[in-house]
Number of protein chains: 2
Amino acid sequence: MIRVLLAEDQGMMRGALALLLDLEDDMEVVAQVAAGDEIVPAALEHTPDIALLDIELPGRSGLDAAAELRQKLPGCAVLILTTFGRPGHLRRAMEAGASGFLVKDRPVEELAVSIRRVRDGERVIDPALAAAALSAGPNPLTQREREALNAAVDGATVADIADRLSLSRATVRNYLSSAIGKTGTRNRMEAVREARRNGWL
Amino acid sequence: MIRVLLAEDQGMMRGALALLLDLEDDMEVVAQVAAGDEIVPAALEHTPDIALLDIELPGRSGLDAAAELRQKLPGCAVLILTTFGRPGHLRRAMEAGASGFLVKDRPVEELAVSIRRVRDGERVIDPALAAAALSAGPNPLTQREREALNAAVDGATVADIADRLSLSRATVRNYLSSAIGKTGTRNRMEAVREARRNGWL
DNA sequence: GCGTACCCGTGACATTTGTCCTGCCGCACT
DNA sequence: AGTGCGGCAGGACAAATGTCACGGGTACGC
């Protein structure tokens, strides 16, 4: 019996996946959480064999939780299940010790299959995505550039960002300009989009 | 037997929902589509009793398709199933003749229940969302203001937008400025966010 | 007919944004 | 000891953005 922990914020998706996995006669969903910061506590309590984690979660990123989970509960394999196939996300997932990376676009049938393959020690990664991650190269943005871009997503002005990061406005503009240069874009919004697309944020 | 058409772009979600609905002994998924422009043709071919439509779809909006569907196949009720509870979307759904409006945040169990209630002629709407839609008032943006905002989402410059809409740059700036004023925001990005939040785009 | 709302445009203006150059500091690597 | 990189900041400048005041045109309702 494969014991599964399920982390997914959208109630309908979470419920549907849980029902489906419970239908498989060699699987059992032992814990369901909707927020990133509930993952590790729930895993420690229920000691699942496999953690099925979304990335975009309230409270804490699934990638973040995955890293801690691998440390505190090495017996539990991590399978990332996410909406977008961002090269940077795949890279970070592998660095965090994940055993697999699935995108929600694929048919449901693959899910149970992938879980079993992970249980058998295999790694499950979409070949096309793996190629994209290798060709895209590592994240070129520095910590501060990421923070500046992240603070700029919702239309904040330079002054807003400077306040939030406790920096000078000149410094913020330098970071943004640098990020725009590195992403090969024309303004901060394009830079945000490009960085997001690559999973650099 | 309730015959259901399912329109949802995310493969895993679509497959999971289809499996779940097929498990109900009074329901049958007779057609599945992944794009908005496949909805009407598929419905005309399979004549379902209920169309379960996502809003954000490639090719064509689910709301758009819903309006045509109600005209060409009045016997088929429309149930909108969407990620975000935007007041403007609810309003447009009602104007298009939808019988219900569900957000994907709710537990799966509600789905089958809602479908049966719609079949019985009831209307299914989250009360909190209905209140929000009423208090938000109608869409204040004109057609052109919407187009300008939509063209500005990905960081396009005024020149880009002007080219795409075949307008003068000065005109585009006026539309954007007007939209910024109507949304009570400080720049185009905040305006886009606010308009999106309300379902005005 | 008149008012109103939308469409489209121009010109002027202040502000914001993006770029480039300069400088200082600390840290790591050689 | 020197080099490079990242963090941090300031100044100067051109370009983009947002605002405002002003036109003209069409359509619709009263």
Side-chain angles (χ1 to χ4, degrees), chain A residues 88 91-92 95 136-201, chain B residues 88 91-92 95 136-201:
Chain A
R91 183 177 294 263
R92 277 196 278 163
E95 286 168 2
N139 189 339
L141 301 176
T142 70
Q143 170 72 19
R144 288 308 218 173
E145 285 160 359
R146 276 197 302 278
E147 288 174 18
L149 272 190
N150 255 322
V153 290
D154 44 351
T157 67
V158 172
D160 295 338
I161 304 171
D163 285 353
R164 204 180 313 176
L165 301 184
S166 300
L167 287 175
S168 153
R169 329 211 151 169
T171 306
V172 170
R173 286 208 287 167
N174 285 337
Y175 285 151
L176 288 177
S177 180
S178 165
I180 291 168
K182 285 179 179 174
T183 50
T185 51
R186 294 175 302 168
N187 53 51
R188 59 179 78 178
M189 279 320 301
E190 285 190 356
V192 166
R193 277 184 72 84
E194 184 65 11
R196 267 216 229 273
R197 200 178 65 76
N198 287 307
W200 290 340
L201 292 187
Chain B
R91 183 178 293 265
R92 276 196 277 163
E95 286 167 3
N139 189 338
L141 301 175
T142 70
Q143 171 72 19
R144 287 309 217 173
E145 285 160 358
R146 277 198 301 277
E147 288 174 19
L149 272 190
N150 254 323
V153 290
D154 45 349
T157 67
V158 172
D160 296 338
I161 304 171
D163 285 353
R164 203 180 314 175
L165 301 185
S166 300
L167 288 175
S168 154
R169 328 208 151 170
T171 305
V172 169
R173 288 208 287 167
N174 285 337
Y175 285 150
L176 288 177
S177 181
S178 165
I180 290 167
K182 285 179 180 175
T183 50
T185 51
R186 294 176 301 168
N187 53 51
R188 59 180 80 178
M189 278 321 300
E190 285 191 354
V192 166
R193 276 184 71 84
E194 183 65 11
R196 267 215 229 274
R197 199 178 65 74
N198 287 307
W200 290 340
L201 292 186

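The structure presented is a predicted model; accordingly, all values stated were derived computationally and were not measured. Just so it is clear: chains get the letters A, B, ... in the order the sequence lines come, proteins before strands, and each one is counted from 1.
- Taking every side-chain heavy atom of B:Asn174 into account, C:dG9 is the closest of D:dA9, D:dT17, C:dG9.
- A close approach under 4.0 Å does not occur between any side-chain nitrogen or oxygen of A:Thr142 and OP1 or OP2 of D:dG6.
- Close to D:dG18, at under 4.0 Å from its OP1 or OP2, lies no side-chain N or O of B:Arg186.
- What separates CZ of B:Arg173 from P of C:dA12 is a distance of 12 Å, to the nearest Å.
- Atom-to-atom, CD of A:Glu190 to P of C:dT19 comes out at 11 Å; the value is rounded to the nearest Å.
- Remark: A:Arg144 is not in phosphate contact with D:dG6, judged by side-chain N or O atoms under 4.0 Å from OP1 or OP2.
- Between the CD1 atom of A:Ile180 and the C1' atom of C:dT19 there is a distance of 10 Å, rounded to whole Å.
- The side chain of B:Gln143 approaches C:dC7 more closely than any other nucleotide in the set C:dT17, D:dG10, C:dC7.
- Residues B:Glu145 and B:Ile180 are not in side-chain contact: their nearest non-hydrogen atoms beyond the backbone lie 4.5 Å or more apart.
- Counting any heavy atom pair closer than 4.0 Å across all strands shown, A:Arg188 reaches sugar-phosphate atoms only and no base atom.
- Atom CZ in B:Arg169 sits roughly 14 Å away from atom P in C:dG11 (whole-Å rounding).
- Between B:Leu165 atom CG and C:dC8 atom P there is a gap of 9 Å when expressed in whole angstrom units.
- In this structure, B:Arg188 and B:Ala156 approach most closely via the heavy-atom pair NH1-O, 3.4 Å.
- Residue A:Thr171 has no polar side-chain atom (N or O) positioned under 4.0 Å from OP1 or OP2 of D:dG10.
- Comparing atom distances between the A:Val158 side chain and each of D:dG18, C:dT17, C:dG9 picks out C:dT17 as nearest.
- Note on B:Ser177: a side-chain N or O is less than 4.0 Å away from OP1 or OP2 of D:dT19.
- The shortest side-chain heavy-atom distance between B:Ile161 and B:Tyr175 does not fall under the 4.5 Å cut-off.
- Listed here is the closest heavy atom pair of B:Ala152 and B:Leu176: CB-CD2, 4.5 Å.
- Between B:Met189 atom CE and D:dA16 atom P the separation is 19 Å, expressed in whole Å.
- One can place OH of A:Tyr175 at 16 Å from P of D:dC5, the figure rounded to the nearest angstrom.
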Check your understanding: Given the rule in the side-chain hydrogen bond (donor to acceptor under 3.5 Å, both in side chains) test, do B:Thr171 and B:Asn174 qualify, once you have shown the distances and angles that lead to the verdict?
Key -> CA-CA 5 Å; B:Thr171 305; B:Asn174 285 337; 5.5 Å; no
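- Atom CG of A:Leu176 is separated from atom P of C:dT19 by 10 Å (rounded to the nearest Å).
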